[in-house]
Amino acid sequence: MAVELSNLRRIFAAKREHLRSLNSLFRIHRRSLHEGPDTIDELLDRHLKKKPSSDEDEFRRRRRLTSTRREALSLYRDVLRATRFFTWPDPRGVPWRDVLRANARKEFEDARFETDPEIITRLLIGGRDAVQTAVDNLIEKQKQQLEKE
């Protein structure tokens with residue numbers, strides 16, 4: 001019993017020492033309320049809106065690219081969803097679904113490093129139109145098939 005008690009005291013002493021060291025670390029990194037800007041100019045620089053710099057222009061350009069990237073991913077997902085309905089095989093015996101997906105992947109890979117926003121927009125619009133046309137034609141053919149039967 002005495003051995004267990006001495007072991008517990010040693011463990012608690014080690015934990016207490018560890019907590020003290022953590023507290024001293026937090027005190028070092030804690031910021032005082034009075035550590036604000038030293039001059040009026042520093043205060044104004046920190047809180048007033050600045051003119052757009054080249055970094056902000058770069059940020060805006062990247063944000064536009066991010067939105068087009070989102071659009072491209074959305075289009076790619078729509079292509080994959082639309083190809084689910086193309087189940088019949090081509091003359092070689094490969095399902096059209098796989099052929100269309102491979103072609104879409106190739107098209108997207110070819111345009112992957114395009115940076116001109118106008119070209120990217122044209123590609124996205126053309127892709128949307130192509131998917132919509134393909135789905136509309138598929139629906140029309142299926143309707144015709146149902147009428148024949």
Item to check | salt bridge (Lys or Arg N to Asp or Glu O under 4.0 Å) assessment of Lys143 paired with Glu147 | outcome: CA-CA 6 Å; Lys143 284 181 182 177; Glu147 288 174 2; over 6 Å; no
Next on the checklist: Is there a salt bridge (Lys or Arg N to Asp or Glu O under 4.0 Å) between Glu109 and Arg112? Walk through the geometry before answering.
Outcome noted: CA-CA 5 Å; Glu109 283 295 327; Arg112 183 178 189 172; 3.6 Å; yes
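Leu100 is connected to Phe85 through a chain of hydrophobic side-chain contacts under 4.5 Å among Ile, Leu, Val, Met, Phe, Trp and Tyr, so both are in one cluster. Phe86 and Val135 fall into different hydrophobic clusters, defined by Ile, Leu, Val, Met, Phe, Trp and Tyr side-chain heavy atoms under 4.5 Å apart, directly or through other members.
Scanning all heavy atoms of the two residues, the minimum distance from Val94 to Val99 falls at CG1-CG2, 3.9 Å. Contact record, Ala104 with Val79: CB-CG1, 3.5 Å, taken as the closest heavy-atom pair.
Put simply, CD on Glu114 and CD1 on Ile119 are 4.0 Å apart, with the number rounded to the nearest 0.5 Å. Going from atom CD of Glu71 over to atom CD1 of Ile120 covers 11.5 Å, rounded to the nearest 0.5 Å. A distance of 9.5 Å separates CG in Leu75 from CG in Leu123, rounded to the nearest 0.5 Å. To the nearest 0.5 Å, atom CD of residue Glu140 and atom CD of residue Gln142 are 11.0 Å apart. Considering CZ of Arg105 and CG of Leu80, their distance stands at 9.5 Å, rounded to 0.5 Å.
Proximity of a side-chain donor or acceptor of Thr133 to a complementary backbone N or O of Asp129 within less than 3.5 Å is detected.
Side-chain contact check for Arg69 and Ser74: no donor-acceptor pair (N or O, by modelled atom type) lies under 3.5 Å.
Listed by first and then second residue, the side-chain hydrogen bond (donor to acceptor under 3.5 Å, both in side chains) pairs involving residues 95-104 are Thr83-Arg101 (not counting sequence neighbours).
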